[in-house]
Amino acid sequence: MDFQLDEDQREFKALLRQFVDNEIVPVAREWEQAGRYPTEIVEGMKDMGLFGITVPEEYGGLDLDPVAFALVFEEIARGWMGIAGILGSHSLACRLISMHGTEEQKQKYLPDLATGKRRTGIGLTEPDAGTDLQGIRTTARLEGDHYVVNGAKMWITNARYADPLPVLVKTDPTASPAHKGMSVLLIEAGTPGFEVTKDIPKLGYKGTESCEILLDNVKVPVSQLVGGVEGRGMQQVLSALEWGRVNIAARSVGIAQRAHDEALAYAQERKAFGQPISDFQAIQLKLGELGTQVQAARLMAYWAADAVRSGRADGATGMAKIFCSEVALQAAIDSMKVHGGYGYSTEFEVERLYRDSILMSIGEGTNDILRTVVAKSLIKKETIVG
Ligand SMILES: Cc1cc2nc3c(=O)[nH]c(=O)nc-3n(C[C@H](O)[C@H](O)[C@H](O)COP(=O)(O)OP(=O)(O)OC[C@H]3O[C@@H](n4cnc5c(N)ncnc54)[C@H](O)[C@@H]3O)c2cc1C
């Protein structure tokens with residue numbers, strides 16, 4: 001067994017680290033609190049080719065292996081998790097198009113998505129259906145050479161920049177089971193009837209917008225049906241979400257690492273009773289636990305990423321997403337405790353880590369739902385746990 005990154009991965013991680021330390025860390029707190037869009041950081045990510053991490057090389061992307069993919073999200077989330085959101089659903093949608101799109105769709109969109117000239121996201125959740133995606137109500141009715149789409153989407157990250165946005169719809173609302181009547185349509189920005197109606201106010205995950213979208217008689221050409229065949233949408237989405245769970249596990253490691261780093265630094269600076277608080281055993285217990293949990297989470301995230309390399313790995317990615325996201329939240333809370341009263345101050349980084357960490361247990365499948373996914377995969381003996 002090899003628990004080390006290889007040389008290319010180490011060099012890539014160092015490059016990312018440098019970018020994050022120079023371009024994200026110095027501005028994160030101020031921009032996050034001001035609700036400012038991180039335009040300059042987006043430009044930097046374009047320059048590094050990061051919008052193409054899941055795009056095949058033949059379409060101009062980096063086509064990263066899943067472990068290198070995880071490194072991107074770990075490092076960026078260490079600086080500011082909201083920035084990872086700008087790349088996250090973009091990368092999943094690129095992967096969905098790469099894996100399932102027709103050749104025409106790939107050629108039309110992937111080269112521009114790889115450079116960030118075009119951006120994207122993923123439109124699944126609705127006001128009345130999140131976990132239960134088969135319960136969505138958005139319909140696409142075929143009329144000649146186009147679909148007429150009606151419905152609403154909720155919580156769609158990158159909605160104001162996405163062009164095209166892959167949208168999960170029901171092409172056959174009467175199908176049973178429902179997933180057999182579900183498809184994904186690539187809807188271009190500016191199509192009449194497609195309207196981003198609201199930026200949803202959020203506790204954290206700022207920097208990127210999460211929006212409500214209204215679809216009112218939107219005419220979408222049949223050529224925009226992903227893969228060109230109806231009824232495959234749910235499978236297409238689920239295969240992309242697997243990388244999504246690696247992405248969330250890795251973001252969680254980044255948050256936890258930062259919580260650890262902030263606690264370690266603060267504990268050595270802050271004095272009480274005439275000595276650094278790091279001399280106190282009660283603080284050392286927290287630091288020791290933080291370091292242990294962060295490293296365990298990191299190994300779990302890389303392990304799950306590695307499992308994806310060899311095909312579908314619902315159990316491994318589910319386990320990693322659950323474990324890492326819960327480590328992130330606990331790490332943020334423990335780091336706040338090490339900071340005492342200052343941990344509660346918006347003038348310190350750690351309160352943002354706390355706000356951002358909570359989302360990690362919700363996005364890409366809530367942890368409770370994923371526990372059931374892991375259980376099913378254990379029952380089917382799909383997961384290698386030894
Ligand atoms: C900031 C943010 C950004 C997001 N970005 C996107 C995006 O870009 N695109 C997108 O499509 N979606 C996005 N989402 C939506 C996200 O994926 C959903 O919120 C998530 O899947 C949960 O769905 P829900 O909110 O409808 O909760 P619900 O499905 O209503 O779940 C509510 C509770 O019930 C539990 N529950 C539900 N069903 C079961 C069951 N069968 N067994 C046991 N427990 C159950 C859940 O675990 C949860 O605790 C985003 C959400 C947030 C908060």
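In listed order, ligands and their atoms are each counted from 1. The shown structure was predicted, so the numbers you read here are calculated from the model rather than taken from an experiment.
- Using a 30° and 60° split on the angle between ring planes, Tyr37 and Tyr161 fall in the parallel class, below 30°.
- When Asp132, Ile358, Leu168, Thr157 are ranked by how near their heavy atoms come to atom 8 (O) of ligand 1, first place goes to Thr157.
- Scanning the protein heavy atoms around atom 1 (C) of ligand 1, the nearest turns out to be Tyr205 CD2, 3.4 Å.
- The protein heavy atom nearest to atom 16 (C) of ligand 1 is Thr125 OG1, 3.8 Å.
- Placement of Val374 and Val327 within a single hydrophobic cluster is found when ILVMFWY residues are connected by side-chain heavy-atom separations under 4.5 Å, directly or transitively.
- The nearest protein heavy atom to atom 36 (N) of ligand 1 is not closer than 4.0 Å.
- Under a 4.0 Å N-O distance rule, the pair Asp65/Arg309 qualifies as a salt bridge.
- Per-residue contacts place Gly130 under 4.0 angstrom from the following atoms of ligand 1 (heavy atoms of the residue considered): 23 (O), 24 (P), 26 (O).
- Taking distance alone, with nitrogen or oxygen atoms compared against 3.5 Å, Ile122 approaches ligand 1 more closely than that limit.
- The salt bridge (charged side-chain N to carboxylate O under 4.0 Å, His left out) analysis of residues 247-275, with sequence neighbours excluded, yields the pairs Arg258-Glu262, Arg258-Glu349.
- For atom 51 (C) of ligand 1, a protein heavy-atom neighbour is found at a distance under 4.0 Å.
- The contact set between ligand 1 and Ile156, taken as ligand atoms under 4.0 Å from a residue heavy atom, comprises 7 (C), 8 (O), 9 (N), 10 (C), 11 (O).
- Listed by number with element, the atoms of ligand 1 under 4.0 Å from a non-hydrogen atom of Leu359 are 1 (C), 2 (C), 52 (C), 53 (C).
- Distances from atom 27 (O) of ligand 1 to the heavy atoms of Ile213, Asn158, Thr131, Ile200 show the closest one on Thr131.
- The protein heavy atom nearest to atom 7 (C) of ligand 1 is Trp155 O, 3.1 Å.
- Within 4.0 Å of atom 30 (O) of ligand 1, not a single protein heavy atom is present.
- Annotation for Glu347: atom CD does not count as buried by contact number, only 12 or fewer foreign heavy atoms lying within 6.0 Å.
- Not counting sequence neighbours, Tyr302 has no partner by the ring-ring contact (aromatic ring centres under 6.0 Å, His included) test.
- Of all protein heavy atoms, the one lying nearest to atom 42 (N) of ligand 1 is Ile369 CD1, 3.7 Å.
- A donor-acceptor pair under 3.5 Å is formed between the side chain of Gln105 and the backbone N or O of Ser223.
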Checklist entry - Given the rule in the ring pair (Phe, Tyr, Trp, His ring centres under 6.0 Å) test, do Tyr344 and Tyr354 qualify, once you have shown the distances and angles that lead to the verdict? => result CA-CA 10 Å; Tyr344 204 61; Tyr354 172 73; 8.8 Å; no
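- Within a 4.0 Å radius of atom 25 (O) of ligand 1, the protein contributes no non-hydrogen atoms.
- For Thr120 (side chain) and Pro164 (main-chain N/O), a donor-acceptor pair under 3.5 Å exists by modelled atom type.
- By the definition of a contact as any protein heavy atom under 4.0 Å away, atom 10 (C) of ligand 1 is in contact.
- In this structure, Glu209 does not pair ionically with Lys198, as no charged nitrogen and carboxylate oxygen lie closer than 4.0 Å.
- Among Thr366, Leu165, Thr208, the residue whose heavy atom lies nearest to atom 46 (C) of ligand 1 is Thr366.
- In this structure, atom 19 (O) of ligand 1 lies nearest to the protein heavy atom Ile362 CG2, 4.0 Å.
- Between the side chains of Ser239 and His100, at least one donor N or O sits under 3.5 Å from an acceptor N or O.
- For atom 4 (C) of ligand 1, a protein non-hydrogen atom is found at a distance below 4.0 Å.
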